[in-house]
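This one's a predicted model, so the numbers in the text were calculated from it and none came from an experiment. Throughout, a chain's letter reflects where its sequence line sits, starting with A, and its residues are numbered from 1.
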Amino acid sequence: MYICTNSNDRIMSSNVRVRFAPSPTGPLHIGGVRTALYNYLFAKKHGGDFLLRIEDTDQTRFVPGAEQYIIEALAWCGISPDEGIGGETIGNGPYRQSERKSLYRKYVDQLLAVDKAYIAFDTSEELNTLRQMAKDAGATNWQYNYITRGNMKNSLTLPKEEVKAKIEAGASYVVRIKLPRDHEVRFEDTIRGWVSVNTNNMDDKVLYKADGMPTYHLANIVDDHLMGITHVIRGEEWLPSAPLHVMLYEAFGWERPVFAHLPLLLKPDGPGKLSKRDGDRLGFPVFPINWSNPETGETASGYRELGFFPSPFVNMLALLGWNPGTEQEVFNLQGLIEAFDLSKVSKSGAKFDFEKGKWFNQQYLRALSESELAVELKKALDKEGLSYNEAHLGKIATMMSERATFPQDLLAEGRYLFIPPATYDEKTRNKRWGKDSAGMLQDLAARFETIPDFTETNIEAAFKGYLAEKELGFGKVGPSFRLALTGRGLGPSMFTICEVLGKQEVLSRIAKAVEILG
RNA sequence: GGCCCGUUCGUCUAGCGGUCCAGGACGCCGCCCUUUCACGGCGGAAACACGGGUUCGAUUCCCGUACGGGUCACCA
């Protein structure tokens, strides 16, 4: 049960029902995912329902695979619809607007009957011409509104019989909303407070297209009403059309939902909102999971394939435009649900910061248990077909996790633990490999040979014993020792590395290094 | 251009009239730990767009300016 005294001071008490309603014109970008996430968090926070609806009223922009992508991307994020596409369907369907086509006509007629809408015969070409003329004349935007509609070809200007005749003759027409003149439309947005627009600045938007499909505006109001949506949480790009929606609710005489317009995700570089076209241009993905258009073959990379875990990915998105009011930054989905509060969503747009995003993933990775890390490492190894000793995986993964951001780093940073170095880092070699290095390593190898139980502590004892006996500093032997075994100049403790490698491998690598490096 | 929305460190943000010469996080820099790298610890540089009000007192409230964003399709 959700109790709020929010909108217009009206007390409402009903089950929260929110919806995410993307149009299947391509992959969902991270801004869209965030919108879905906020809707989901809000619903779950209040014990309500989250619905997924597909707004495909524009048949010309349909992209195959897009709907499936949306479902898969949300599922990866842990966002599962309670109802609608990809969820359990409970009586309010269908949930694709194209499949609801026949249902909208009734509502258009209802509006027509009470003179809240009218039929217009003007063609797109005619309107474009008018708009272009206005533009050329330096005038402000030409609008189909209370002033101009008197000069257009519509049911307001044409005799009834002519309208009827045209329709019967099969003339194509649209239905437009009939906005009253000089009416102040006001509504309270949960995030922005009172928003007010005068109808003189709005135009008579098309509600019903010539192809018999409703426009987004009509479909969205009808569906939200029929589906019992209580809160409309969507991007700020919808704010300018919200007054139109308010007018539609009034025209129908329906109670309207509470509106909350989210701030946009902005490009980290230049101006503007983050868009799908940004693809990989900025050096990071803008999509949750990989996308490939089955028709054009275009592809774009996703966070999932990059190595992001769902939890930190969602965590990062949640904090872009919202904060819990405390200093906590790391959350899992459940934690987000508990902490989420629409009133703490900020008003201004947020530039996306990939570096911070990586930090969330790193935090998550580091908090994984040894066995969980081992699983990740195993996956990376299997993917490359490398062989390994299962018993050492946990230890290695934990060791490498300190310098990893993504699971694949577990292997990338410690590949030498599985295959001998093919080359030796040139810089380290020049700086650390001296004339006496080979001899020292051979001495060490001889001592290692005698260690019965080849463990980290025993290896360290042998190594330090050698140092003490020869009165050598760690820096004299350590780096060349590391170079010989790993081919690199930096990394985790050599003693741990030796134990994991095993005595035979250590001895053989020393021998090989002595031979190659001299 | 019209309309609408916004404006605190480079970035994400805390702040809802006095506790703010503004707090946290990412990134950056320095120091410590350490054979090295990383992790970790400590410290540092870094912001209230500007101008008017209102008030005993404004980062916080109001107005204007500037700047930024969104939107102006038979697209969503």
Side-chain angles (χ1 to χ4, degrees), chain A residues 21-25 55-58 60-61 97 120 122-124 127-128 131 135 138-144 172-176 189 191-193 195-198 200-203 205-217 219-220 234-243 261 263-264 266 268 271-273 316 319-330 343-344 346-360 362-363 366 399-404 413 428 432 463 467 473-483 486 488-494:
Chain A
S23 86
T25 55
E55 312 229 319
D56 54 351
T57 50
D58 185 354
T60 64
R61 295 211 310 161
Q97 289 179 333
D122 321 274
T123 65
S124 300
L127 295 174
N128 286 338
R131 291 195 181 100
K135 197 176 166 189
T140 60
N141 266 336
W142 183 86
Q143 293 196 133
Y144 205 120
S172 85
Y173 64 92
V174 301
V175 177
R176 290 179 178 273
D189 185 283
I191 294 168
R192 283 148 218 288
V195 175
S196 165
V197 180
N198 191 293
N200 288 354
N201 293 314
M202 297 164 59
D203 59 356
K205 280 273 180 307
V206 171
L207 302 177
Y208 197 74
K209 302 187 269 190
D211 65 0
M213 280 294 263
T215 59
Y216 163 82
H217 301 295
N220 146 67
R234 69 221 313 188
E236 193 186 351
E237 70 267 29
W238 294 109
L239 196 49
S241 54
H261 289 92
L264 265 16
L266 274 15
K273 64 174 174 176
M316 152 188 92
L319 272 293
L320 232 39
W322 167 83
N323 78 85
T326 65
E327 285 181 354
Q328 183 182 352
E329 290 200 277
V330 176
S343 72
K344 287 205 139 326
S346 53
K347 296 178 171 65
S348 47
K351 279 186 184 162
F352 178 68
D353 181 9
F354 186 57
E355 289 306 314
K356 182 85 180 241
K358 287 200 291 195
W359 178 79
F360 281 107
Q362 189 186 38
Q363 293 299 307
R366 209 167 288 157
M399 179 167 79
M400 299 323 291
S401 69
E402 282 172 13
R403 56 219 85 205
E413 289 298 307
T428 309
R432 300 297 199 167
F463 189 93
L467 250 39
F474 210 138
K476 186 73 185 159
V477 194
S480 46
F481 182 41
R482 177 183 297 285
L483 182 70
T486 71
R488 305 176 65 165
L490 42 92
S493 161
M494 279 312 294

Is [X] close enough to [N] that one of its side-chain N or O atoms is under 4.0 Å from OP1 or OP2 there?
| X | N | result |
| --- | --- | --- |
| Arg366(A) | rG40(B) | yes |
| Arg131(A) | rC74(B) | yes |
| Thr57(A) | rA76(B) | yes |
| Arg176(A) | rC74(B) | yes |
| Lys351(A) | rG69(B) | no |
| Lys273(A) | rU71(B) | yes |
| Lys358(A) | rA25(B) | no |
| Asn323(A) | rU13(B) | no |
| Thr215(A) | rC74(B) | no |

Determine the contact category for [X]: base if any of its heavy atoms lies under 4.0 Å from a base atom, sugar-phosphate if only primed atoms, P, OP1 or OP2 are that close, otherwise nothing.
| X | value |
| --- | --- |
| Asn200(A) | nothing |
| Val206(A) | sugar-phosphate |
| Ser196(A) | sugar-phosphate |

Nucleotide of [options] approaching [X] most closely (side-chain heavy atoms):
| X | options | value |
| --- | --- | --- |
| Thr123(A) | rU13(B), rC74(B), rU71(B) | rC74(B) |
| Ala210(A) | rU13(B), rC5(B), rC74(B) | rC74(B) |
| Glu402(A) | rA76(B), rC39(B), rU13(B) | rC39(B) |
| Pro240(A) | rU71(B), rC12(B), rG15(B) | rU71(B) |
| Ser124(A) | rC74(B), rC4(B), rG6(B) | rC74(B) |
| Val195(A) | rG2(B), rC5(B), rG6(B) | rC5(B) |
| Glu327(A) | rG23(B), rU13(B), rG2(B) | rG23(B) |
| Ser23(A) | rC3(B), rA38(B), rA76(B) | rA76(B) |

Could you tell me how far [M] sits from [N] if I compare only their [atom1] atoms? Round to whole Å.
| N | M | atom1 | answer |
| --- | --- | --- | --- |
| rC67(B) | rA38(B) | P | 44 Å |
| rC3(B) | rG24(B) | C1' | 38 Å |
| rC42(B) | rC33(B) | P | 15 Å |
| rC26(B) | rA73(B) | C1' | 41 Å |
| rC63(B) | rG69(B) | P | 23 Å |
| rA47(B) | rU13(B) | C1' | 11 Å |
| rG15(B) | rC31(B) | P | 36 Å |
| rA49(B) | rG6(B) | C1' | 13 Å |

For the atom pair [atom1] ([X]) and [atom2] ([Y]), what is the distance rounded to the nearest 0.5 Å?
| X | Y | atom1 | atom2 | value |
| --- | --- | --- | --- | --- |
| Arg366(A) | Glu402(A) | CZ | CD | 7.5 Å |
| Asp353(A) | Leu320(A) | CG | CG | 8.5 Å |
| Lys347(A) | Arg192(A) | NZ | CZ | 8.0 Å |
| Leu319(A) | Gln328(A) | CG | CD | 9.0 Å |

Once you apply the 3.5 Å cut-off to both distances, tell me the Watson-Crick or G-U wobble partner of [N], or none.
| N | value |
| --- | --- |
| rG40(B) | rC32(B) |
| rC16(B) | none |
| rU71(B) | rG2(B) |
| rG64(B) | rC50(B) |
| rC26(B) | rG10(B) |

Taking the side chain as everything from C-beta on, heavy atoms only, tell me whether [X] gets closer than 4.5 Å to [Y].
| X | Y | value |
| --- | --- | --- |
| Asp58(A) | Lys209(A) | yes |
| Lys344(A) | Pro324(A) | no |
| Pro214(A) | Gln97(A) | no |
| Asp203(A) | Trp142(A) | no |

ask   = Asn201(A) or Gly325(A): which one's nearest nucleotide on RNA chain B is closer to the 5' end?
value = Asn201(A)

task = Would you kindly compare Lys347(A) and Trp322(A) by the position of their nearest RNA chain B nucleotide and give the one closer to the 5′ end?
result = Lys347(A)

inquiry  = Below 30° counts as parallel, above 60° as perpendicular, anything between as tilted: where do the rings of Phe474(A) and Phe463(A) land?
reply    = tilted

ask   = Does a distance-only test, which skips hydrogens and angles, find a donor-acceptor pair under 3.5 Å between the side chain of Asn141(A) and the base of rC72(B)?
value = yes

N/O-N/O pairs, protein side and nucleotides 26-35 of chain B side, under 3.5 Å:
residue : atom : partner   : partner atom : Å
rC26(B) : OP1  : Trp359(A) : NE1          : 3.3
rC26(B) : O2'  : Lys356(A) : N            : 3.4
rU35(B) : O4   : Met494(A) : N            : 3.3

